[in-house]
Amino acid sequence: MNLYESIDQNNLPKHLAIIMDGNGRWAKQKGFLRTFGHENGTKSVRKTVETCTKLGIQNLTLYAFSTENWNRPKLEVDTLMKLLVSSLKNELKTLMENNIRLNTIGNFSALPNSVQKELAGVIEKTSANSRMTLTLALSYGSREELISAIKNISSKVKNNIISIDSIDESIINQHLYTQNLPDVDLLIRTSGEHRISNFLLWQIAYAELFFTDVLWPDFTPEHLYEAILSYQKRERRFGKTSEQI
């Protein structure tokens, strides 16, 4: 069966998020350094972005580097940063040809200057693109995001810019890194782990979760199709009963 042809184009997730896990284990299983896994993981990123564009996914967010990842060995962190810079340079043409806008969420200032410069350049050059928004979560942690939002809102309350009584979900959304993105509909995590790992905790409140044992460098378009087909079979009730839907 052709999995792509089985997908209902009228029931696609508007926002797909992926925790790309398993690069290191993939490399170790093959007798290589963890960095070799990250290098091969970029190929899966490219295939996933191309597939989402083909499907018509409007928003794709990839967990590329967490706040906790700074604690990894320096060689691995340096390799990840160099890979990020080279990938941005190599993929700009593809982003432009496919009308994809690049976006980033996280603590931008914590990234090396070379990464900041390359990111800012690609974000600017793709800013008018509208087919899909590709968001890279870099130096990102959801708890840090929420703390930042609380501080900003508190400051505005203190300075009488907003009132306490006016604080609702909409106000909180406006102060998150993802303020211009819809809530996540489908979250995929590879490598067999069943954790959220501090990723988009607020935004996945009603997301469907899909876990696969496949390590990220082995993740193919077919695996993505399987996740989307699983999503399309689920009844999304948002607190209602089946009869109310």
Give the table of side-chain donor-acceptor pairs shorter than 3.5 Å for residues 155-165, with sequence neighbours excluded, one pair per line with atom names and distance.
unit_1 : atom_1 : unit_2 : atom_2 : d
Lys156 : NZ     : His175 : NE2    : 2.9
Asn159 : ND2    : Ser155 : O      : 2.8
Ser163 : OG     : Ser166 : N      : 3.3

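Leu83 forms part of no hydrophobic cluster, judged by ILVMFWY side-chain heavy-atom separations under 4.5 Å. Using a 4.5 Å cut-off between side-chain heavy atoms of Ile, Leu, Val, Met, Phe, Trp and Tyr, Leu215 falls into a hydrophobic cluster with Trp26, Phe32, Phe36. Side-chain contacts under 4.5 Å among hydrophobic residues (ILVMFWY), followed directly or transitively, place Leu187 together with Ile19, Tyr63, Ile105, Tyr140, Tyr177, Val184, Ile196, Phe199, Leu200, Leu201, Ile204, Leu209, Phe211. Summarising the hydrophobic clusters (Ile, Leu, Val, Met, Phe, Trp, Tyr; side-chain heavy atoms under 4.5 Å, direct or chained), the residues clustered with Leu75 are none.
With hydrogens and angles left out, the side-chain atoms of Ser197 and Arg189 include a donor and acceptor closer than 3.5 Å. In this structure, a donor-acceptor pair under 3.5 Å is present between the side chains of Asn103 and Thr135.
The main-chain N or O of Leu80 is never found under 3.5 Å from a side-chain atom of His38 such that the two would form a donor-acceptor pair. Without hydrogens or angle criteria, Thr190 side chain to Asp21 main chain gives a donor-acceptor distance under 3.5 Å. Ser139 contributes no side-chain N or O that, together with a main-chain N or O of Leu111, makes up a donor-acceptor pair within less than 3.5 Å. Using a distance-only test at 3.5 Å, with no hydrogens or angles considered, a donor-acceptor pair links the side chain of Asp185 to the main chain of Lys14.
No side-chain heavy atom of Phe65 sits under 4.5 Å from any side-chain heavy atom of Leu136.
Within the structure, salt bridge (Lys or Arg N to Asp or Glu O under 4.0 Å) pairs that include any residue of residues 142-151 do not occur (at least two apart or interchain). Listed by first and then second residue, the salt bridge (Lys or Arg N to Asp or Glu O under 4.0 Å) pairs involving residues 205-228 are Glu208-Arg234, Glu208-Arg236 (not counting sequence neighbours). Within the structure, salt bridge (Lys or Arg N to Asp or Glu O under 4.0 Å) pairs that include any residue of residues 114-134 do not occur (at least two apart or interchain). Applying the salt bridge (Lys or Arg N to Asp or Glu O under 4.0 Å) rule to pairs touching residues 26-44 yields Arg34-Glu76, sequence neighbours excluded.
Applying the ring pair (Phe, Tyr, Trp, His ring centres under 6.0 Å) test to Phe108 and every residue at least two apart in sequence or in another chain returns nothing. With sequence neighbours left out, the ring pair (Phe, Tyr, Trp, His ring centres under 6.0 Å) criterion links Trp202 to no other residue. Scored by the ring pair (Phe, Tyr, Trp, His ring centres under 6.0 Å) test, Tyr231 finds no partners at all (sequence neighbours excluded).
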